[in-house]
Amino acid sequence: MRTAIVVGAGIGGVTAAVALERCGWQVTVLERAPELGEVGAGISVWPGAAGVLAEFGVDGVRKDAAAGAAVGMRRPDGRLVVEGLDLGVEMPVMIHRARLHELIVDALGDAVTIRTGITVAEVSQNVAGVTVRGIPRDAAGGSQYEEFTADLVVAADGIRSIMRATQPRYSGYTAYRGIADVEVTEGGGETWGRGQRFGFARLIDGRIYWYATLNRPAGQPGDPRADVIAAFSNWHDPIPLLLDKTEKVLQNDIYDLKTPLTPFVDGRIVLLGDAAHAMTPNLGRGACSAIEDAGALARHLREAPDLDTALSRYDGERRPVTTKLVKRSRAIGTLGQLDNALLCAARDGLLGLAGKAASLRGKRRRVEQSRV
Ligand SMILES: Cc1cc2nc3c(=O)[nH]c(=O)nc-3n(C[C@H](O)[C@H](O)[C@H](O)COP(=O)(O)OP(=O)(O)OC[C@H]3O[C@@H](n4cnc5c(N)ncnc54)[C@H](O)[C@@H]3O)c2cc1C
């Protein structure tokens, strides 16, 4: 049986483990955190990623997710910039991030071993295979390595992957997320201001997942809840209420990787998820892309005549697609975080026009679909 080590048990890592197991591999997942799980709030799951999960028998994503809706865009005073758009395409569903992770972990079979509390420190390879050296959490002085060997290593260790040479770059803004324990009548949407944005969507249990961004240097200390309440206190309803009804606010400075992205494959080491293509969250596609990576990797491993061909096909398929997403996501962030009053007014005007055109295209697409 072929063997793989997956480094990192985030959404990308556990999906890779399911995917490899389904095509007959024996998998060991090494995770530095003491326990499995995901922090975070809501997450959008696009149809492509939901399809990959369904293919691997990860059930329940649709059952536990709120259906995606056409949402509009507003100014901070509540005036509409773009009405709720029906783009004529299937929208993402919204699910709690911890629940998504749990559903994937529940689908893991007996051929997957998960070791938490192991920080991978070194990876070396030769023609025979790959050796991974990890430091167990309880190792005194961090000097007692544990060694693991396999045919393949999947680096799903996130944006600061130890298996990628390039450094992440800061986007210029920080993001806040939370879940508000309150029912509101509005379905959701985004509001763009000057150097700050706010968005929200309903989860299946009726609570509201919200996210916000603020232009700010990286690494500034602060109280995330107090900072976000202060920044959005005079924005339209229900934004102040959502913040008031949120107990825990998460904050992440937003980084991505420079394009062109560097190769996802180095011999028997393959990058997946944020380790390969960390993107800003503006398209809500980072985790979805990690899931799609896992689907593509498994397909090429099944279909290619040998490992080298499979990995080269994986890189050839996934690098161009995700490079485009990294670029588009960054461009949307740059537009959304503009803080010059004149530029923001011009942006909002253009987005209003673009929204109308997109809505017309969506209606046409629906009519064409109904004819088929
Ligand atoms: C504000 C925000 C909103 C987002 N919204 C969405 C959304 O709606 N939809 C979407 O698809 N994406 C979204 N994303 C992106 C998404 O969160 C990431 O793309 C996704 O979590 C990446 O998953 P991953 O498994 O590749 O990496 P990670 O989630 O970073 O997991 C990496 C794992 O590796 C472990 N690890 C790291 N180093 C080591 C080591 N040396 N040894 C062992 N273990 C290690 C870590 O502990 C971690 O568990 C959002 C991101 C942000 C910041």
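Atoms considered below: every heavy atom in the structure, side chains included; atoms not considered: hydrogens, waters and symmetry mates. In each ligand, atom 1 is the first atom listed, and ligand 1 is the first ligand listed. Keep in mind it's a predicted model, so treat the numbers as computed, not measured.
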Q: Are any of the N/O atoms in G284 less than 3.5 Å from those in ligand 1?
A: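 Yes - when backbone and side-chain N and O of G284 are compared with those of ligand 1, one distance drops under 3.5 Å.
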
Q: Using a 4.0 Å cut-off to any heavy atom of I11, which atoms of ligand 1 qualify?
A: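 Ligand 1 atoms under the 4.0 Å threshold to I11: 25 (O).
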
Q: Determine whether the side chain, the backbone, both or neither of V45 has a heavy atom under 4.0 Å from any heavy atom of ligand 1.
A: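 No part of V45 comes within reach of ligand 1.
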
Q: Taking only heavy atoms of G273 into account, list the atoms of ligand 1 that are under 4.0 Å away from them.
A: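 Counting atoms of ligand 1 from 1, those under 4.0 Å from G273 are 26 (O).
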
Q: Taking 4.0 angstrom as the limit and counting only heavy atoms of G286, give me the atoms of ligand 1 inside it, by number and element.
A: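 Those qualifying, in numeric order: 10 (C), 11 (O), 12 (N), 15 (C), 19 (O).
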
Q: Using a 4.0 Å cutoff against the non-hydrogen atoms of S44, which atoms of ligand 1 qualify?
A: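 That gives atoms 7 (C), 8 (O), 9 (N), 10 (C), 11 (O) of ligand 1.
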
Q: Is there a polar contact between ligand 1 and A287, counting only N or O atoms under 3.5 Å apart?
A: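 Looking only at distances, the answer is yes, because the N/O contact criterion of under 3.5 Å is met.
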
Q: With rounding to the nearest 0.5 angstrom, report the OG1 to CE distance, T191 to M73.
A: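 Going from the OG1 atom of T191 to the CE atom of M73 covers 8.0 Å.
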
Q: Just to confirm my output: which protein heavy-atom neighbour is closest to atom 1 (C) of ligand 1, and how far is it?
A: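 Of every protein heavy atom, R177 NE, 3.3 Å lies nearest to atom 1 (C) of ligand 1.
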
Q: Are E147 and T131 close enough, and set up right, to give a side chain to side chain donor-acceptor pair (under 3.5 Å), and what steps lead you there?
A: CA-CA 7 Å; E147 249 180 37; T131 302; 5.4 Å; no

Q: Please state whether the rings of F232 and W235 are parallel, tilted or perpendicular, taking 30° and 60° as the class boundaries.
A: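 Perpendicular, since the angle between the ring planes exceeds 60°.
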
Q: Quick one: does R32 get an N or O within less than 3.5 Å of an N or O on ligand 1?
A: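 By distance alone, the answer is yes.
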
Q: I'd like to know if the side chain of R330 and the backbone of L325 have a donor-acceptor N/O pair within less than 3.5 Å.
A: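 No.
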
Q: Is any N or O atom of D274, backbone or side chain, closer than 3.5 Å to an N or O atom of ligand 1?
A: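 Indeed, backbone or side chain, D274 has an N or O that close.
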
Q: Any nitrogen or oxygen of G12 lying under 3.5 Å from a nitrogen or oxygen in ligand 1? Just yes or no.
A: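 In this structure, G12 places an N or O atom under 3.5 Å from an N or O of ligand 1.
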
Q: Looking at D205 and R207, does any basic side-chain N land under 4.0 Å from a carboxylate oxygen?
A: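 Yes, this pair counts.
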
Q: What residue and heavy atom of the protein are closest to atom 53 (C) of ligand 1, and at what distance?
A: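 For this ligand atom, the closest protein heavy atom is I254 CD1, 3.8 Å.
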
Q: Against ligand 1, does R97 come closer than 4.0 Å with any heavy atom?
A: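 Yes, that is the case, since the closest heavy atom of the residue is under 4.0 Å from the ligand.
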
Q: State the atoms of ligand 1, each with its element, that fall below the 4.0 Å cut-off from a heavy-atom position in C288.
A: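 That gives atoms 11 (O) of ligand 1.
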
Q: With heavy-atom distances below 4.0 Å as the criterion, list the atoms of ligand 1 near A156.
A: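 That gives atoms 32 (C), 33 (C), 34 (O) of ligand 1.
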
Q: Return the residue, atom name and 0.1 Å-rounded distance of the protein heavy atom closest to atom 30 (O) of ligand 1.
A: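 Nearest protein contact, heavy atoms only, for atom 30 (O) of ligand 1 is G158 CA, 3.6 Å.
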
Q: Quick one: which ligand 1 atoms are inside 4.0 Å of a heavy atom on T119?
A: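 Numbered from 1, ligand 1 contributes 41 (N), 42 (N).
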
Q: Can you name the atoms of ligand 1, numbered from 1 with element, that are less than 4.0 Å from a heavy atom of P281?
A: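 The list of qualifying atoms is 2 (C), 3 (C), 4 (C), 50 (C), 51 (C), 52 (C).
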
Q: Please verify whether a non-hydrogen atom of I118 lies at under 4.0 Å from ligand 1.
A: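 Heavy atoms of I118 do come under 4.0 Å of ligand 1.
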
Q: Below 3.5 angstrom, do we get any N/O pair linking V120 and ligand 1?
A: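 V120 vs ligand 1: N/O contact under 3.5 Å present.
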
Q: Are R115 and F148 in a cation-pi contact, defined as NZ or CZ under 6.0 Å from the six-membered ring centre and within 45° of the axis?
A: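 So R115 doesn't make the cation-pi contact.
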
